[in-house]
2 protein chains.
Amino acid sequence: MVKTEFSPIADTTRRAEIVALLRRAILTGQLEPGQKLNELRISEQMRVSRAPLREAMRELVQEGILTSIPYAGTFVINVTAKDIDDAYSLNKVLDEFAIERMWKQRDQRFFDELDRRHDAVKQATRDRDTTRQIETALQLHGLIHEWADNSVLLETWQRLTSRLQMYFALHQQARREAVPAEDVHETYVALLKGGDMRAAQRHAREHIDLDFEELLAYARDLERRPSKGS
Amino acid sequence: MVKTEFSPIADTTRRAEIVALLRRAILTGQLEPGQKLNELRISEQMRVSRAPLREAMRELVQEGILTSIPYAGTFVINVTAKDIDDAYSLNKVLDEFAIERMWKQRDQRFFDELDRRHDAVKQATRDRDTTRQIETALQLHGLIHEWADNSVLLETWQRLTSRLQMYFALHQQARREAVPAEDVHETYVALLKGGDMRAAQRHAREHIDLDFEELLAYARDLERRPSKGS
DNA sequence: ACTTGTTAGATTGTCGACAATCTGATTGTC
DNA sequence: GACAATCAGATTGTCGACAATCTAACAAGT
């Protein structure tokens with residue numbers, strides 16, 4: 001009996017690949033909020049027919065990063081300051097819940113993975129790769145949800161993450177300047193390694209991470225001066 | 001200037017109607033967990049082509065009540081006891097959050113709507129209409145989420161609700177006996193009308209509503225004796 | 001008996017074409 | 001000029017057919 005573990009075979013449908021392509025384009029800000037997705041144009045660019053493309057778009061609509069109006073079109077969601085605020089406040093609650101659930105399950109493997117993801121953030125920061133920085137930071141924060149052993153929670157968090165990633169990407173894209181040099185995750189990681197669960201939860205609830213305030217200000221500013229994409 | 005409020009025009013795409021039909025069939029237990037959805041058969045029954053049907057199925061997959069395996073088929077999700085437990089524990093957290101957010105926004109309109117939905121539950125109970133009873137009970141509980149003024153929370157709760165409704169429907173279907181005659185929502189409604197927010201939150205967190213324990217036991221029993229649908 | 005290769009049937013995935021609907025410009029009327 | 005009716009173009013929604021893939025049954029070899 002061989003004990004080798006195989007990972008699931010890759011999805012080989014065009015639909016799955018289209019979903020991945022579109023999601024990436026949206027989350028990195030290549031497709032701007034409010035922008036309309038022309039089915040014919042995209043299907044020609046991707047060299048696929050409209051059927052799998054439309055199915056992929058349906059998925060992303062349900063995922064919450066596209067919105068569809070019958071006979072009018074499918075659009076990238078518009079980011080309002082309220083949306084960001086809503087997502088962020090709920091995210092805090094979920095973080096707190098996740099910490100409570102995973103706390104007892106922490107072990108060496110968890111700590112190792114925590115360090116690994118933390119290192120990835122630091123690496124991306126050194127590289128000045130903003131997109132990757134956002135991606136890795138969210139992956140770092142996602143660890144507690146993965147370890148909370150609650151599939152519904154994890155799924156919910158991933159949905160939230162999609163939007164947050166999109167928001168941050170837009171924000172970073174707007175102010176082309178340098179990214180936060182300081183590592184704001186040190187405290188977070190240290191608390192997760194420590195023995196005080198309440199402290200970790202308090203940190204999750206109170207600490208404004210990832211330049212959230214700045215992000216909100218940016219979003220509010222956008223709303224004051226609406227551009228083409230609305 | 002006329003002040004009449006118009007509700008949004010009904011979705012006139014086949015896709016939307018198919019989604020509604022399928023969702024209803026799943027949530028009421030007409031389609032059993034694990035059951036495969038044959039596209040050709042369903043499209044013929046509904047007198048539509050497979051294209052809108054497939055798009056509808058993609059939406060329900062993202063909604064979490066269907067699951068899809070490429071080239072194998074799309075199936076109604078299987079209900080495990082852990083899923084129920086996960087959904088329920090997260091639901092409690094969301095309830096608590098929702099109560100906090102909507103507490104200050106309560107007004108006469110809220111109380112009226114609360115009573116209206118409570119009455120609907122009682123009516124369904126009198127009618128011995130179990131399906132409707134589940135539906136109305138969840139609508140009653142959904143009110144706090146609708147009033148919390150957080151779109152992401154509401155969306156998340158609705159996703160959760162879908163599954164819970166499915167679980168309860170299956171449960172009710174299994175034990176064909178009478179439904180809970182006592183109105184378990186009296187306390188809940190009273191607390192939401194009262195002045196003690198903490199008490200309402202505690203109730204949401206601690207009170208095992210809707211025969212949850214019984215539901216869990218049923219699910220665990222199902223897993224011990226797996227049937228065709230797995 | 002067990003495994004492997006083959007094949008037919010059924011089902012899902014994808015395509016190209018047509019129908020329904022929307023949008024914006026144009027025309028005609030007052 | 002303002003406004004309604006009409007129309008052409010573009011775009012989305014839907015359809016029927018074909019291609020790719022899976023499943024299960026059977027045959028052949030060890």
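- Every residue two or more places apart in sequence or in another chain that forms a side-chain contact (heavy atoms from CB on, under 4.5 Å) with A/Q165 is listed here: A/L27, A/I134, A/E135, A/L138.
- Shown here are the side-chain contact (heavy atoms from CB on, under 4.5 Å) partners of A/T131, two or more places apart in sequence or in another chain: A/T28, A/D129.
- By the side-chain contact (heavy atoms from CB on, under 4.5 Å) test, A/L114 is found to be paired with A/F110, A/L140, A/L143, A/V189, A/L192, A/K193, residues two or more places apart in sequence or in another chain being considered.
- The base-pairing partner of C/dT4, taking Watson-Crick or G-U wobble contacts with both distances under 3.5 Å, is D/dA27.
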Provide a list of protein-nucleic acid N or O atom pairs under 3.5 angstrom, restricted to nucleotides 11-15 of chain C.
from	atom 1	to	atom 2	distance (Å)
C/dT11	OP1	B/N38	ND2	3.2
C/dT12	OP1	B/L37	O	3.4
C/dT12	OP2	B/E39	N	3.4
C/dT12	O3'	B/Y71	N	3.4
C/dG13	OP1	B/Y71	N	3.3
C/dG13	OP2	B/R54	NH1	2.5
C/dG13	OP2	B/R54	NH2	3.1
C/dG13	N7	B/R50	NH2	2.8
C/dG13	O6	B/R50	NH1	3.0
C/dT14	OP1	A/R14	N	2.4
C/dT14	O3'	A/R14	NE	3.2
C/dC15	OP1	A/R14	NE	3.2
C/dC15	OP2	A/S49	N	2.6
C/dC15	OP2	A/S49	OG	2.9

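- Partners of A/R47 according to the side-chain contact (heavy atoms from CB on, under 4.5 Å) rule, which considers only residues two or more places apart in sequence or in another chain, do not exist here.
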Only distances under 3.5 Å count here; give the side-chain donor-acceptor pairs of residues 93-100 of chain B to other protein atoms, sequence neighbours excluded, each with its distance to 0.1 Å.
from	atom 1	to	atom 2	distance (Å)
B/D95	OD1	B/H145	NE2	2.7
B/E96	OE1	B/R205	NH1	3.4
B/E96	OE2	B/R205	NH1	2.6

